Each structure stands twice: as structure tokens, then as C-alpha cells.
Number of protein chains: 2
Amino acid sequence: MQPAVEVSENALTERQKDVLDAALTLLVEAGDTLTMTSVARRASCSKESLYKWFGDRDGLLTATVQWQAAKVRGVPVDPEAFSLTSLTSGLERFASDWLRVLSGTISVALNRVAVGHAGSDKHDLGAIVLENGPFAMARRLKPLLQLGRDTGLMSFDDTDEAFRTFFGLVVRDVQIRLLLGDRFELTEAAINRDARRATQQFLALYGVHTKAADDGH
Amino acid sequence: MQPAVEVSENALTERQKDVLDAALTLLVEAGDTLTMTSVARRASCSKESLYKWFGDRDGLLTATVQWQAAKVRGVPVDPEAFSLTSLTSGLERFASDWLRVLSGTISVALNRVAVGHAGSDKHDLGAIVLENGPFAMARRLKPLLQLGRDTGLMSFDDTDEAFRTFFGLVVRDVQIRLLLGDRFELTEAAINRDARRATQQFLALYGVHTKAADDGH
DNA sequence: GCCGTACCGTACCGTACGTTACGGCAGGGT
DNA sequence: ACCCTGCCGTAACGTACGGTACGGTACGGC
């Protein structure tokens, strides 16, 4: 028996992408209780094809998580004409984007199954989500932070520490509450307000003050 | 058939407590894959007793979570002879205690199963963990925060917002990374260092400065 | 001594679901 | 026209596990 689609093998046919999208919506609806039969029915494909393409249930889940992760790329920052204003707006934009993704039903569902399977997996969904979640965020934000430090707008020793503080100020208890099933009103206005507040707090802690930045609540 | 032990019925015999402790260790070892049979074998009791005492598998999990929650009570703060020093040490002590609990294997295991079951439960483990986790922390910390404000050491409009900021500064990405299975070195020294840093940052944001509090990394 | 209660150990049942196997159909190459 | 490949739909298999039933033992009350 062939080991089916390898993780490194990213050649997905359109048909397979459709199947993974169906699996995603089922994951949102039913969580980890989705069955191979339900995926096959929803995607109008045979279970035989599922097993041929993805090996087993775990492989299907892994491919689904990776398929979603592949869709959330992009949005780097431009290191042109840098100022306190562009640093601030960059941080705010980053924070609001992040909160929007984080509070989305797909992100919540994916993190749920990854947390449930963490550690005891052959493919280890937890590591995949970790890699495409917090770690990817760190990689995307750090250039902006270092640019801010190099231009003398911020001051910190350890970029990673600074990132993790920003993480805390942005996410706070939102993610864990959502994962635990707390019904959460997170309107567009609230997201933007939180992004501004987190940015102001972050600059108050790490920014080089010419004039004292006041708190913004 | 009787509805077995009600949630409000907290009268647990010693035998039942032993069983719940066995279930706890199994939860740490095997996560949500623990079976009724494995609990019975580990606790040297019959499955019949499990079902008589706890109704069904969900009831056993619920009782286990509540049993653990009941063990983590206490440590209120004393509103005597209050000063910046006692506020600082109170916040630090709270933060380090919290990080210690959060990073413990039991907490991680419990949060894992609760996240896995969130929303689609009759007993809703998510709500229970939420209630005994973040919400209980908020209830325990808020008196200290308000005391700090009333004595003019801190300034903020919304106690809940202040708490959530403290939450973010303390927990940062630690919890989600642990839940996703990231191997994490969290030594006693690191915990104390993080607690100090979070406290200093929190006071820098919300404290009333007589002398500028510097960051502490 | 006899009964009732509480419990252990284990065998058993029903079912859900992962996984496999098979029959049928459509399209493309020869 | 024939075959081969890829896929759908469905039936079937195997098993793990939640839940139940039952026999056996210890103990306290009478």
C-alpha cells in the first residue's frame, strides 16, 4: 500500500481542494466528531477516494488543516518611508487582522481539534497549527518590530520577548474563552478598539517617548 | 433509573474521591481517550459503580473536573496596611501562582478535554473550566485591583479591562502553546521572572507614577 | 443463621465508525 | 470496439468502547 499523499506533496487537484473545503465546513459544524462517511457524503465523493488521497482519517485532518493554513498567507509590511505613524498603523492593522482571524469560526474549530489531538498524533496537528498560528504571526511581526527599533522609535533587548508581550496585549483572554465555548461578542468596532488599545499600550511600554503617550481607554 | 449524583450534590465518599483522582491521572496520561474500563481498572472499582455514581462517561468527566476545581481554591488578599510594595508583591504572587497552575500537567490536560468538548455537551465542560479558570481568576484579582485604585496607586476606568490586560501580560502565548503541545521549559526561575515583568509592565500602564517605573528585562 | 446492601470482577450486548472490498459508470487512449 | 484508469455509491468487516447484567464476596443488622 502506498503511503498516499505525502505532507510535502502539495499537488492538490481541484477535486481534492473541494473535498478539503467540505471537510472544513464540517469541522466547523461538528468539530472532531466528523466522520469519514459524513465528509464523503458532503463532498459527494466515495470513501475509497478519501482513503486513496489522504491515507486515513488523520491524514485527512492534517491535509485539511494545512489547506486552511495555506489560504491565510500574505500581508507583509513595507519598509519605505517609516515613521511613528506608519509603525502605529502597522501594529494596529496587524492586531486587528489577527483578532479577526482568531475569532473566526474556522480558526476556533481548527484550534479545537488541534488542541484535542495535541501530543498523541503521528502527524501532530498541534505542531502544524502552532507553526501556522503563533509562530507564523511572530515571523510576520518581527521585521516590523526590528524596523521600529532600528529607526529609534522603540527600545527593547529581545525581539521575541517584545513580540510575546504584544501577543498578550492583543489576544488577552479572547482565544482561550472562545476555545472553551464562551459566547463572545466581537464586533468590528470592538476589534478596532482593541487593536488601538493594544498598540497604544505596547508603545507605552516599548516606545521611545518624545511626548508621554497617554493610555487610550 | 435515578439521575445518579447531581451536580449540586457535593457529598463525595472517600472511595469516590479516590476514583476521581485516578481519573485525573488517567486524564493527564491519556487525555480524552481514557475509557470507562481504564478508569475502573486503575481505581480498582467496577464499571457498574462508575455508572451508579456518575451516571455516564460525561458525568464522570464533569465530576473529575469539578473535583480538581474544588482543590484549587483559596489565597485571598488581605486589605491591611496597603502600599505600593504590598500591591506589587500581591500582583507578583498572583501572577506566579497563576503561571504555575497554568503550566501544570493537570491544568493542561483539563483544558484540553474541556476545549475538545466545548459547546456540544450536556454538562458543558467548557463552561465549568471557564468558570473555575479565567473567571475565578478575575474574581480573585479584582478586589486587589480596586483596592489599588481606591488607595490612589493605580488609575483605570474599567476593572474588567484592567484585569484582562493583566491576564494578557501574564499569560501571553504560554497557555495556547502548551495546549497545542509545544514542549515548554517553564522553570521556577522563569515563572518568577515573568511574574515580575508582567507586574512591572502592568504598573507602568495603570500605575500612578511618582517616579517613572522602568521596564525590567 | 439469614437477609439486604454495597461493591468487585467479568462477561456480554449494541452500536458507531474506521477501513476495506466490490460493482458500476464515464472518459480517454489505441 | 475494447481496455484501462479514476471515481462514485454502497455494502460489508472488524473492533473499540459505552453501557448493562450477573455471579461472587464482605459486612452490618436482626
Side-chain angles (χ1 to χ4, degrees), chain A residues 1-6 9 11-24 26-27 29-65 112-113 116-117 120-125, chain B residues 1-6 9 11-23 25-27 29-65 112-113 116-117 120-125:
Chain A
M1 184 197 306
Q2 292 288 81
V5 179
E6 264 306 312
E9 181 74 32
L12 293 174
T13 69
E14 289 304 315
R15 187 78 189 92
Q16 289 167 351
K17 292 176 186 174
D18 290 344
V19 169
L20 292 181
D21 279 327
L24 264 181
L26 271 178
L27 218 48
E29 292 174 15
D32 201 10
T33 66
L34 97 168
T35 66
M36 298 299 276
T37 305
S38 71
V39 173
R41 194 163 40 222
R42 179 69 67 100
S44 294
C45 77
S46 70
K47 292 209 283 183
E48 189 182 29
S49 299
L50 290 184
Y51 283 98
K52 176 155 54 170
W53 292 334
F54 307 109
D56 57 5
R57 185 175 186 275
D58 229 50
L60 173 62
L61 284 179
T62 306
T64 305
V65 170
R112 286 230 179 100
V113 315
H117 288 209
S120 54
D121 259 358
K122 45 187 171 194
H123 295 303
D124 206 348
L125 294 181
Chain B
M1 183 197 305
Q2 292 287 82
V5 179
E6 264 307 312
E9 181 74 32
L12 294 173
T13 69
E14 288 305 315
R15 188 77 189 91
Q16 289 166 350
K17 292 176 186 174
D18 292 344
V19 169
L20 292 182
D21 279 327
T25 65
L26 271 178
L27 220 48
E29 292 173 15
D32 200 10
T33 67
L34 96 168
T35 66
M36 299 298 277
T37 306
S38 72
V39 173
R41 194 162 41 219
R42 179 67 68 100
S44 296
C45 76
S46 69
K47 290 210 290 181
E48 189 180 28
S49 299
L50 290 185
Y51 284 99
K52 175 154 59 168
W53 292 334
F54 307 109
D56 57 4
R57 186 175 185 277
D58 230 51
L60 173 64
L61 285 178
T62 305
T64 305
V65 170
R112 286 230 179 99
V113 315
H117 287 211
S120 54
D121 260 356
K122 45 186 172 199
H123 295 303
D124 205 348
L125 294 181

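Given the structure is predicted, the values throughout are model-derived calculations rather than measurements. Lettering follows sequence order; numbering is per chain, from 1. Any value given below was found using the heavy atoms of this structure, including those in side chains, with hydrogens, waters and symmetry copies removed.
- For the pair B:Lys52 NZ and C:dC7 C1', the computed distance is 7 Å after rounding to whole Å.
- Note: CG (B:Asp58) to P (D:dC17) measures 17 Å, nearest angstrom.
- Evaluation of atom-type donor-acceptor distances gives no pair under 3.5 Å for the side chain of A:Glu48 against the base of D:dC7.
- Of the two residues near DNA chain C, B:Arg15 and A:Thr33, the one whose nearest nucleotide lies more 5' is B:Arg15.
- For B:Lys47 against C:dG9, no side-chain N or O and base N or O form a donor-acceptor pair under 3.5 Å.
- Remark: P of D:dA11 and CZ of A:Arg41 are 13 Å apart, rounded to the nearest angstrom.
- Put simply, OH on B:Tyr51 is 15 Å from C1' on C:dA11, counting in whole angstrom units.
- Here C:dA6 presents its P atom at 12 Å from CD of B:Gln16, a figure rounded to the nearest Å.
- A distance of 10.0 Å separates CG of A:Leu34 from CG of A:Leu24, quoted to the nearest 0.5 Å.
- A straight line from CG of A:Leu61 to C1' of C:dT19 spans 15 Å, rounded to a whole angstrom.
- Checked for salt-bridge contact, B:Arg57 and B:Asp32 meet the test: a charged N lies under 4.0 Å from a carboxylate O.
- Between the C1' atom of D:dG19 and the CG atom of B:Leu60 lies a distance of 13 Å, rounded to the nearest Å.
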Evaluation steps, side-chain contact (heavy atoms from CB on, under 4.5 Å), between A:Leu26 and A:Glu29
CA-CA 5 Å; A:Leu26 271 178; A:Glu29 292 174 15; 4.0 Å; yes
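- The CG-P distance, from A:Leu50 to C:dA21, rounds to 16 Å in whole Å.
- Taking side-chain N and O atoms only, A:Trp53 has a distance below 4.0 Å to OP1 or OP2 of D:dC7.
- The shortest distance between the side-chain N/O atoms of B:Ser49 and the OP1/OP2 oxygens of C:dA6 is not below 4.0 Å.
- In terms of phosphate contacts, B:Ser44 brings no side-chain nitrogen or oxygen within less than 4.0 Å of OP1 or OP2 of C:dC8.
- Going from atom CG of A:Leu50 over to atom OG1 of A:Thr37 covers 9.0 Å, rounded to the nearest 0.5 Å.
- Comparing D:dG18, C:dC17, C:dT19 by their closest approach to the side chain of A:Arg57 singles out C:dT19.
- Distances were taken from every side-chain heavy atom of A:Ser46 (C-beta onward) to each of D:dC8, D:dG19, C:dG9; the shortest belongs to D:dC8.
- To the nearest 0.5 angstrom, B:His117 atom NE2 is 6.0 Å from B:Leu125 atom CG.
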